[in-house]
Amino acid sequence: MENNEKNEVQLDLLDVLLDQENKEPIVLMDENEKQITFEQVAVIPFEVKKEKRLYCVLKPLDKIEGIGDDEAIVFLVDTDDEGNSIIRIEEDEEIAIAVFDKYYDLLEEARKESKEEAPKAGKKKAGKK
């Protein structure tokens, strides 16, 4: 083993985003090298001009100028020149709104499914004992 080899475990950002067990905040650096902490809200697959893309919705836990306490930001999951996963803010407002709309649709579907499953679990079949 060479001395310059690292024994660190480096996680890919995409692995972190897709890990449903991960409840840890995500820490990103802004353009001024300041750390900003986010809570992951959702990962949304979305098609733009027949191209499948992956977006994540993150809610800032730190105060960001122009972002309300109840607001979140849409990020595009992409890769850099070395093939590493990166995220960048989706700057196309129409796409960001469409991703939020899909997120709300998915939430509504989940609510409907949970309502349909709840009565089934609580019902007892009538019959002979």
Side-chain angles (χ1 to χ4, degrees):
M1 181 183 267
E2 294 180 28
N3 289 339
N4 62 356
E5 275 189 49
K6 292 183 179 180
N7 291 329
E8 297 175 7
V9 175
Q10 193 167 18
L11 294 175
D12 186 87
L13 177 61
L14 190 56
D15 291 337
V16 172
L17 290 172
L18 295 177
D19 181 359
Q20 294 182 355
E21 302 298 317
N22 182 30
K23 303 298 180 204
E24 295 295 316
I26 295 173
V27 179
L28 303 176
M29 302 291 273
D30 70 7
E31 63 276 358
N32 299 319
E33 301 296 318
K34 179 183 170 205
Q35 288 188 346
I36 302 174
T37 307
F38 292 85
E39 173 186 0
Q40 181 176 327
V41 176
V43 175
I44 309 287
F46 192 75
E47 195 170 297
V48 177
K49 298 177 185 168
K50 298 186 181 182
E51 178 187 341
K52 292 182 181 180
R53 297 181 183 176
L54 190 63
Y55 290 89
C56 62
V57 179
L58 303 178
K59 181 183 182 301
L61 297 175
D62 299 322
K63 186 71 181 147
I64 299 177
E65 189 175 324
I67 306 291
D69 291 340
D70 61 343
E71 295 180 324
I73 302 170
V74 174
F75 291 84
L76 171 65
V77 179
D78 206 352
T79 53
D80 64 13
D81 294 336
E82 287 86 43
N84 300 311
S85 296
I86 60 169
I87 60 174
R88 56 186 164 84
I89 294 175
E90 177 55 65
E91 294 181 4
D92 185 320
E93 189 174 344
E94 286 183 25
I95 293 173
I97 290 170
V99 170
F100 270 120
D101 287 345
K102 181 162 185 183
Y103 168 65
Y104 294 130
D105 290 345
L106 292 170
L107 279 180
E108 187 60 33
E109 284 177 32
R111 271 193 218 111
K112 285 179 183 176
E113 286 176 12
S114 67
K115 283 182 182 177
E116 289 171 4
E117 291 175 11
K120 291 179 187 174
K123 287 184 180 177
K124 293 184 179 179
K125 289 187 176 182
K128 297 179 182 176
K129 288 187 178 181

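FYI, the numbering just counts along the sequence from 1.
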Start with the C-alpha gap between Val74 and Ile89, add the side-chain angles, then the distance that decides, and say whether side chain to side chain contact (heavy atoms under 4.5 Å, CB included) holds. CA-CA 6 Å; Val74 174; Ile89 294 175; over 6 Å; no
Between CG on residue Leu28 and CD on residue Gln35, distance to nearest 0.5 Å: 9.5 Å
If we ignore hydrogens and angles and just use 3.5 Å, is the side chain of Lys59 paired with the main-chain N or O of Asp69 as donor and acceptor? yes
Linking I/L/V/M/F/W/Y whenever any side-chain heavy atoms sit under 4.5 Å apart, do Ile44 and Phe75 land together? no
Chi angles and distances behind the side chain to side chain contact (heavy atoms under 4.5 Å, CB included) call for Phe38, Ile64: CA-CA 11 Å; Phe38 292 85; Ile64 299 177; 4.1 Å; yes
State yes or no: do Leu106 and Ile95 share one hydrophobic cluster built from I, L, V, M, F, W and Y residues joined by side-chain heavy-atom distances below 4.5 Å, directly or via other members? yes
Between Glu51 and Arg53 (salt bridge meaning N to carboxylate O under 4.0 Å), is one present in this structure? yes
Nearest heavy-atom pair of Val57 and Ala72: which atoms, and what distance? CG1-CB, 3.6 Å
Determine the minimum heavy-atom distance between Thr37 and Asp62, stating which atoms define it. N-OD2, 2.6 Å
Is it the case that over 12 heavy atoms from other parts of the model lie below 6.0 angstrom from the CD atom of Glu93? no
Please determine whether side chain to side chain contact (heavy atoms under 4.5 Å, CB included) holds for the pair Tyr55 and Glu90, giving the CA-CA distance in whole Å, both sets of side-chain angles, and the decisive distance to 0.1 Å. CA-CA 9 Å; Tyr55 290 89; Glu90 177 55 65; 3.2 Å; yes
Under the criterion salt bridge (charged side-chain N to carboxylate O under 4.0 Å, His left out), I'd like the reasoning laid out for Arg111 against Glu108: C-alpha separation, chi angles, the key distance, then a yes or no. CA-CA 5 Å; Arg111 271 193 218 111; Glu108 187 60 33; 3.1 Å; yes
Check whether Val48 and Tyr103 end up in the same hydrophobic cluster, where Ile, Leu, Val, Met, Phe, Trp and Tyr are linked by side-chain heavy atoms less than 4.5 Å apart. yes
So Ile73 and Leu58, side chain to side chain contact (heavy atoms under 4.5 Å, CB included) or not? Walk me through it. CA-CA 5 Å; Ile73 302 170; Leu58 303 178; 5.5 Å; no
Using the rule that two of Ile, Leu, Val, Met, Phe, Trp, Tyr join whenever any of their side-chain heavy atoms come within less than 4.5 Å, decide whether Ile36 and Met29 are in one cluster. no
Donor-acceptor pair, Asp92 side chain versus Glu94 backbone, under 3.5 Å? yes
Heavy-atom neighbours of Asp81 CG exceed 12 at 6.0 Å: no
Smallest heavy-atom separation, Pro60 atom then Ile67 atom, equals CG-CG2, 3.8 Å
Looking only at heavy atoms, which two atoms of Ala98 and Phe46 are closest? And how far apart? CB-CZ, 3.4 Å
For residues Ile26 and Val99: do they belong to one hydrophobic cluster (side chain heavy atoms under 4.5 Å, members Ile, Leu, Val, Met, Phe, Trp, Tyr)? no
Check whether Glu71 reaches the backbone of Gly68 with its side chain - one donor and one acceptor, N or O, closer than 3.5 Å. yes
So for atom NZ, which belongs to Lys63, do other residues, nucleotides or ligands contribute more than 12 heavy atoms lying within a distance under 6.0 Å? yes
Just how far is it from atom NZ of Lys112 to atom NZ of Lys115, taken to the nearest 0.5 Å? 9.0 Å
